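Written out below as structure tokens is the structure these notes cover.
As the structure is a prediction and not an experimental result, all values here were calculated from the model. Numbers for residues simply follow the sequence, beginning at 1.
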Amino acid sequence: MITKYKRRSFYVLPLLLTLILSLAGLDSVHAQSQGAESPQPFTASYWVKKALGSNQHQRQVELEKTFLQNDELQLAQIGNILSFSISGSIELNSQQSLVRVVLIDNDLHEYLIYEAYPLIERDSSFSMSDQCRETCLLDGVGVHSLRIELIDASIHIDRYAVIDTSAAAKHDVGDIREQMFDTQQKQMVKRIQNHISKLRLRWTAGSTSVSRMSFAEKKRLFGSDTVPNLQGLEYYQGGIFETKPPTEPTSVENDSDTSLIESFDWRNRHGANDPDSPYYDGDPTGSGWITAVTQQGCADCW
């Protein structure tokens with residue numbers, strides 16, 4: 001019986017090994033194909049290919065212009081376009097730095113093309129290529145100008161790329177635009193959370209009702225000429241939001257380098273949750289000065 005078992009094992013084991021290797025090979029091929037098709041969340045050519053097909057060619061326009069302060073660049077004779085992206089280089093000079101490029105169409109609607117600040121970038125000096133946010137896939141808008149917004153930073157735009165409305169969509173652009181937006185959100189949350197962990201900051205990033213707003217919607221929310229330098233605050237989901245330079249990481253074990261007090265609870269301020277206090281609010285649940293959370297979307301509160 002032992003001899004027969006050994007003989008059977010002699011034939012069965014190579015077959016099992018062959019099957020395992022075959023499956024591993026298939027997984028490897030699948031992983032490679034998945035890697036080759038991995039989303040490029042801020043790259044125009046990737047989303048153009050998905051929506052318009054692989055035979056669409058972007059028209060490249062050389063610009064070679066450096067911006068050191070806020071500016072607006074008129075763009076004439078471009079016509080109506082389906083996509084707009086930029087390539088160039090960035091310098092972020094401090095933890096408060098911001099680079100933002102906004103597309104303004106002929107109806108004065110605004111679309112975010114590009115945004116950079118320290119919490120989403122690994123380096124203070126870097127290059128970027130074919131970058132877009134809300135302008136990867138457009139609805140045939142006419143281009144009026146680019147607005148450059150800078151805080152302690154600079155940008156050199158090598159060129160911009162456009163696709164005009166002669167291109168025909170191969171798929172539902174709305175569905176692809178929604179997929180693009182979700183992919184960009186996930187990538188932004190990942191970038192910010194990685195930096196939060198690296199700097200040992202004390203808050204958590206995630207997709208929020210504000211982060212999912214368009215640039216134009218954020219402007220209306222803040223009721224200003226542009227969106228403030230939020231430094232990632234629109235992705236705040238919990239914890240203590242405090243920006244710290246990389247040279248001074250916040251330590252969980254040692255909070256001596258922070259200006260924040262250890263704790264604060266507005267519910268018990270002046271004894272508002274204490275029945276014996278003249279400031280008692282009458283709420284047996286102990287809410288104190290705190291009211292229920294409401295959506296203050298009028299941009300009139302402070």
- Which heavy atom in Ile290 sits nearest to a heavy atom in Arg267, and how many Å separate them? CG1-CG, 3.5 Å
- Message: Whether the Ser94 and Asp152 side chains hold a donor-acceptor pair (N or O, under 3.5 Å, no angle test) is what I'd like checked.
- Response: yes
- Between Phe42 and Met213, is there a shared hydrophobic cluster once you connect ILVMFWY residues whose side-chain heavy atoms come closer than 4.5 Å? yes
- Task: Determine whether the side chains of Glu91 and His156 contain a donor N or O and an acceptor N or O closer than 3.5 Å.
- Result: no
- Note on the structure: Heavy-atom nearest pair, Asp139 first then Arg177, reads OD1-NH2, 2.9 Å
- Query: Cut-off 3.5 Å, side chains only: do Asp123 and Ser125 have a donor facing an acceptor?
  - Reply: no
- Item | Test item: Val143 and Leu103 side chains (from C-beta on) under 4.5 Å apart, heavy atoms | yes
- Donor-acceptor contact below 3.5 Å, side chain Thr43 vs main chain Ser45: no
- Message: For a salt bridge (Lys or Arg N to Asp or Glu O under 4.0 Å) check, start with the C-alpha distance between Arg100 and Glu115, then their side-chain angles and the critical distance, and finish with the verdict.
- Response: CA-CA 4 Å; Arg100 183 185 288 149; Glu115 189 174 60; 2.8 Å; yes
- Does a donor on one side chain and an acceptor on the other come within less than 3.5 Å for Asn229 and Gln231? yes
- Begin with the C-alpha distance, continue with both residues' side-chain angles, and end with the deciding distance and a verdict on side-chain contact (heavy atoms from CB on, under 4.5 Å) for Thr208 and Tyr236. CA-CA 7 Å; Thr208 71; Tyr236 170 86; 5.9 Å; no
- How about Glu149 and Thr226: does a side-chain donor come under 3.5 Å of a side-chain acceptor? yes
- Task: Identify the heavy atoms of Gln58 and Ala44 that sit nearest to each other, and give their distance.
- Result: NE2-CB, 3.6 Å
- Message: Is the shortest side-chain heavy-atom distance between Ser97 and Ile151 below 4.5 Å?
- Response: no
- For Leu137 and Trp47, the nearest pair of non-hydrogen atoms, with its separation, is CD2-O, 3.9 Å
- Query: Any side-chain heavy-atom pair from Leu82 and Val173 closer than 4.5 angstrom?
  - Reply: no
- Would you please test Thr66 and Leu68 for side-chain contact (heavy atoms from CB on, under 4.5 Å) and show each step? CA-CA 7 Å; Thr66 299; Leu68 303 175; 3.9 Å; yes
- Message: Looking at Ser207, is its backbone amide N or carbonyl O close enough to the side chain of Ser211 to form a donor-acceptor pair, meaning the two atoms are under 3.5 Å apart?
- Response: no
- Item | Any side-chain heavy-atom pair of Met128 and Glu121 under 4.5 Å | no
- Task: Please name the pair of heavy atoms, one in Arg159 and one in Ser129, separated by the smallest distance, quoted to 0.1 Å.
- Result: NH2-OG, 3.9 Å
- Any donor-acceptor N/O pair, Asp107 side chain to His109 backbone, under 3.5 Å: no
- Task: Measure the CZ-CD1 distance between Phe241 and Ile196 for me, rounded to the nearest 0.5 Å.
- Result: 8.0 Å
- Query: Any sub-3.5 Å donor-acceptor pair from Ser85's side-chain atoms to Gln131's backbone N or O?
  - Reply: no
- Same cluster (ILVMFWY, side-chain, under 4.5 Å), Ile163 and Leu146: no
- Measure the spacing between CD1 of Ile90 and OG of Ser154 and express it to the nearest 0.5 Å. 7.5 Å
- Do Tyr160 and Phe84 have their ring centres less than 6.0 Å from each other? yes
- Main-chain N/O of Leu108 paired with Asp105 side-chain donor or acceptor, under 3.5 Å: yes
- Query: Tell me, do Lys65 and Phe67 make a side-chain contact under 4.5 Å, heavy atoms counted?
  - Reply: yes
- Message: Checking the side chain of Trp203 only, and the main-chain atoms of Gln237 only, is there a donor and an acceptor separated by less than 3.5 Å?
- Response: no
- Message: Would you say Asn93 and Ser124 are linked by a side-chain donor-acceptor pair, where the criterion is simply a distance under 3.5 Å?
- Response: no
- Message: As an exercise, state the distance from CD1 of Ile113 to CD of Glu134, rounded to the nearest 0.5 Å.
- Response: 10.0 Å
- Item | Ring-face cation contact, Phe222 with Lys219, 6.0 Å cut, 45° max | no
- Note on the structure: Residues Glu217 and Arg212: closest non-hydrogen pair is OE1-O, 4.4 Å
- Query: Hey, is CG on Asp265 packed in by over 12 heavy atoms from elsewhere, all under 6.0 Å?
  - Reply: yes
- Ignoring hydrogens and angles, tell me if any N or O in the side chain of Gln184 forms a donor-acceptor pair with the backbone of Arg133 under 3.5 Å. yes
- With a cut-off of 6.0 Å (strictly less than), are more than 12 heavy atoms of other residues, nucleotides or ligands near CD of Gln69? no
- State plainly whether one hydrophobic cluster holds both Ile104 and Ile78, where clusters connect Ile, Leu, Val, Met, Phe, Trp and Tyr through side-chain heavy atoms under 4.5 angstrom apart. no
- Taking the side chain as every heavy atom from C-beta outward, state whether Phe126 and Leu92 have any pair of such atoms under 4.5 Å apart. yes
- Sub-4.5 Å side-chain heavy-atom contact between Tyr117 and Val99: no
- Query: Are the side chain of Ser83 and the backbone N or O of Cys136 linked by a donor-acceptor pair below 3.5 Å?
  - Reply: yes
- Passes side-chain contact (heavy atoms from CB on, under 4.5 Å), Tyr114 versus Thr135? Steps please. CA-CA 9 Å; Tyr114 182 78; Thr135 60; over 6 Å; no
- Query: Hey, any chance Met188 and Leu199 share a hydrophobic cluster, counting ILVMFWY side chains that come within less than 4.5 Å of each other, even indirectly?
  - Reply: yes
- Item | Spacing of Ser287 atom OG and Asn268 atom CG [to the nearest 0.5 Å] | 11.5 Å
- Query: Atom CD in Glu110, atom OG in Ser214: separation rounded to 0.5 Å?
  - Reply: 10.0 Å
- Query: Is Trp289 reaching over with its side chain to a backbone N or O of Asn273, donor-acceptor style, under 3.5 angstrom?
  - Reply: no
- Item | Audit row: Gln74, Ser145, side-chain hydrogen bond (donor to acceptor under 3.5 Å, both in side chains) steps and yes/no | CA-CA 4 Å; Gln74 303 294 319; Ser145 60; 4.6 Å; no
- Item | Leu98 with Ile148, same ILVMFWY side-chain cluster at under 4.5 Å | no
- Message: Tell me whether Asn70 contacts the main-chain N or O of Leu150 through its side chain, where contact means a donor paired with an acceptor under 3.5 Å.
- Response: yes
- Evaluation steps, side-chain contact (heavy atoms from CB on, under 4.5 Å), between Ile155 and Val101: CA-CA 9 Å; Ile155 179 173; Val101 185; 3.8 Å; yes
- Between the CG atom in Asp158 and the CG atom in Leu63, the distance rounded to the nearest 0.5 Å is 8.5 Å
